[in-house]
Amino acid sequence: DLHKRYVLSEAHYEDPFIKSLQTKKEYIASGFRADYVYDRMLTEAFM
Amino acid sequence: EYSKEKKVGEGTYAVVYLGTKRSSNRRIAIKEIKTSGFKDGLDMSAIREVKYLQEMQHVNVIELVDVFMAQNNLNLVLEFLPADLEMVIKDTSILFTQADIKSWLLMTLRGVHHCHRNFILHRDLKPNNLLLSPDGQLKIADFGLARNMGSPQEFLTSNVVTRWYRAPELLFGARHYTGAVDMWSVGVIFAELMLRIPYLPGKDDIDQIDVTFRALGTPTDKDWPEISTFSAYNKIQIYPPPSREELRRRFIAATENALDLMSGMLLMNPHKRLDPIQCLTSEYFLELPEPTVPSELP
Amino acid sequence: YRHSTQYRFWSFTPERLAQIRSDVNARVTTKTQLDMKVFLESHPNLTQDELAAIKVKAVPVSPHEELLLVNYFARMILSFAGKMNLPTEVAATAVSFFRKFFLSNSVMEFPPKEVFHTTLFFACKSENYFMGVESFAKKAKTSADAVLKHEFKLLESLNFTLMNHHPYKALHGFFLDIQNVLSGKVDMKYMGQVYTNCKKSISDALLTDAIYFYTPPQITLAILLTEDEALMMRYMQLKFNLNVDTSSANGQKEFKQEDPSAINAERLLEIIKSCQAVIE
């Protein structure tokens with residue numbers, strides 16, 4: 001499908017677990033990306 | 001169904017044979033996984049190859065034709081790919097053009113994009129894992145170090161990717177990295193295609209950090225927030241990033257867009273490093289020369 | 001998902017799945033009876049009591065008994081993985097491997113107890129949760145040999161397909177999308193509770209045949225429907241342009257589709273409800 005069945009809108013997500021990781025130094029330095037996590041979960045939901 | 005005609009290689013956990021698939025008379029390669037002597041049962045590399053190759057069918061990813069057991073050995077039947085990019089780069093009798101380089105880079109990025117959209121990290125991209133088929137197609141191979149993109153709370157090992165192609169976050173021991181580590185490797189391969197010699201050939205892991213920063217500048221907290229939290233960071237030499245002029249001199253045949261693309265793949269901060277889609281849609285692939293048609297590649 | 005091995009090799013209709021199980025059972029029953037015949041012929045001087053006992057006891061299990069036995073041990077895998085503190089996805093993969101193993105092998109040839117640890121250990125390796133076989137065997141109070149004994153047979157029975165898409169990630173995805181679609185209308189604290197309950201229900205669903213009949217997202221939505229029908233229906237209406245037409249004659253809630261190009265929401269709802277029935 002060319003049209004994903006979801007819109008990734010990080011601003012709407014209240015995800016305490018992911019948000020806590022985003023603030024950890026070793027996550028930031030590693031290049032951790034919350035939007036990659038969200039994209040993966042949404043893909044699994046709409047595959 | 002399969003014959004093993006000639007042994008062509010032996011690695012730590014597998015022996016590779018050339019052979020034929022009888023029903024179609026198709027040339028194939030058979031990777032026979034050694035099973036004796038592994039105290040923990042089937043080797044992780046074999047499990048990874050099987051697990052991830054089974055899920056992908058893409059022209060720029062090596063095809064897993066079949067898997068079977070024989071004499072208590074696991075056999076992976078793979079498509080026959082007689083050459084790889086390392087051979088081409090090293091063989092100075094082969095002249096190749098900017099259009100050729102663009103074609104190989106395009107196929108590599110398509111293959112990496114397919115892996116990443118399946119949330120699979122390759123984690124060992126380098127020229128001799130980019131194999132070439134008789135019709136010129138470039139295919140990503142050797143998924144022995146591949147893994148699913150980590151679940152958020154997972155700790156990934158940083159001891160992956162062959163040293164010269166290893167991203168700075170890995171050199172610093174990062175445990176929560178992303179597909180950006182593959183993009184770094186592709187950036188180094190791109191540089192090597194243009195230079196025809198390895199771009200960042202470190203002698204050991206420490207030297208690799210020094211070679212990398214000497215060539216591309218030492219990152220600071222400003223352009224890579226929290227980098228100073230890596231313990232190894234405090235012991236390194238500070239080098240200035242190269243000027244655009246210096247880059248031009250180093251890559252004399254590269255166009256401005258080529259330099260932009262390469263620099264984008266070699267951005268120190270993994271957050272900002274280009275992802276496969278940004279690379280595939282970059283100006284570099286829209287400007288002349290057009291990428292060489294695979295069947296006409298050297 | 002259609003390219004995934006989970007869809008291509010491991011999705012069945014209920015009829016097909018029943019057929020697979022009875023074929024396995026029939027194959028091994030025949031073999032067992034043959035073995036029995038050979039045994040009796042090579043032991044001519046058995047007493048009447050012994051012959052009577054064999055006649056009563058040495059009876060092959062039925063497909064239904066096999067299924068009960070396999071599901072019993074599959075449930076044990078989940079609880080055992082919990083005790084070993086294995087991650088949820090590793091436990092789920094072990095259950096998946098274990099149940100798939102017995103779609104091509106019978107408990108009469110491979111005692112489930114013997115395959116139990118092998119699937120757990122192999123799931124750890126496959127899900128990058130690697131631990132050495134010695135330390136695994138110690139934790140599992142078994143021997144390394146016992147753990148490795150059927151590893152090849154397991155890999156072969158899995159048709160060399162190891163990638164699992166479990167509904168947990170889909171649950172996380174819907175958890176996010178619901179916040180987007182129902183933005184401002186959901187109480188996050190409540191959503192957290194719904195999420196936790198659904199996660200537990202997903203683990204139970206892995207023990208049912210729903211995983212062979214439906215996709216991970218469908219299973220997730222079925223579990224969400226059970227957990228909170230009102231929330232789920234609101235989400236469906238807004239997400240899939242369902243408008244609830246309450247004017248219909250028999251008072252049943254009918255759903256009419258506005259944007260036909262989108263997912264066929266009525267069809268989806270039917271599938272989710274039938275999935276819900278299987279899980280329950």
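A, B, ... follow the sequence lines: proteins, then strands. Residue 1 opens every chain. Worth saying up front: this structure is predicted, and the values here are computed from it rather than measured. In what follows, every heavy atom counts, from backbone to side chain, and hydrogens, waters and symmetry copies are set aside.
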| query | Is there a donor in the side chain of N60(B) and an acceptor in the side chain of T108(B), or the other way round, less than 3.5 Å apart? | reply | no
| field | Validation row: V161(B), K126(B) side chains within 4.5 angstrom (heavy atoms) | value | no
| Row check, Y284(B) ring normal vs K102(B) NZ/CZ: under 6.0 Å, within 45° | yes
| Non-hydrogen atoms of chain A under 4.5 Å away: do they reach the side chain of Y177(B), the backbone, both or neither? | both
| field | Close aromatic pair by centroid cut-off 6.0 Å: Y239(B) and F213(B) | value | no
| message | Check this for me, if you would: do R163(B) and D204(B) make a salt bridge, where the nitrogen-to-carboxylate-oxygen distance has to be below 4.0 angstrom? | response | no
| message | Pair V50(B), F143(B) - check side-chain contact (heavy atoms from CB on, under 4.5 Å), show working. | response | CA-CA 8 Å; V50(B) 169; F143(B) 281 75; over 6 Å; no
| field | Best-contacting candidate, P270(B), A167(B), P152(B), against chain A by heavy atom pairs under 4.5 angstrom | value | P152(B)
| Engaged part of R175(B) at the chain A interface, taking heavy atoms whose separation is under 4.5 Å | backbone
| field | Polar contact flag, side-chain donor to acceptor under 3.5 angstrom, E287(B)-N257(B) | value | yes
| message | Does anything in residues 14-31 of chain A reach chain B? List residues with heavy atoms under 4.5 Å apart, or say none. | response | F17(A), I18(A), L21(A), K25(A), E26(A), Y27(A), I28(A), A29(A), S30(A), G31(A)
| field | Which portion of E169(B) sits near chain A, non-hydrogen atoms under 4.5 angstrom | value | side chain
| Per-residue contact mode, M47(A) against chain B (heavy atom under 4.5 angstrom) | neither
| field | Between E192(B) and Y165(B), a side-chain donor and acceptor under 3.5 Å | value | yes
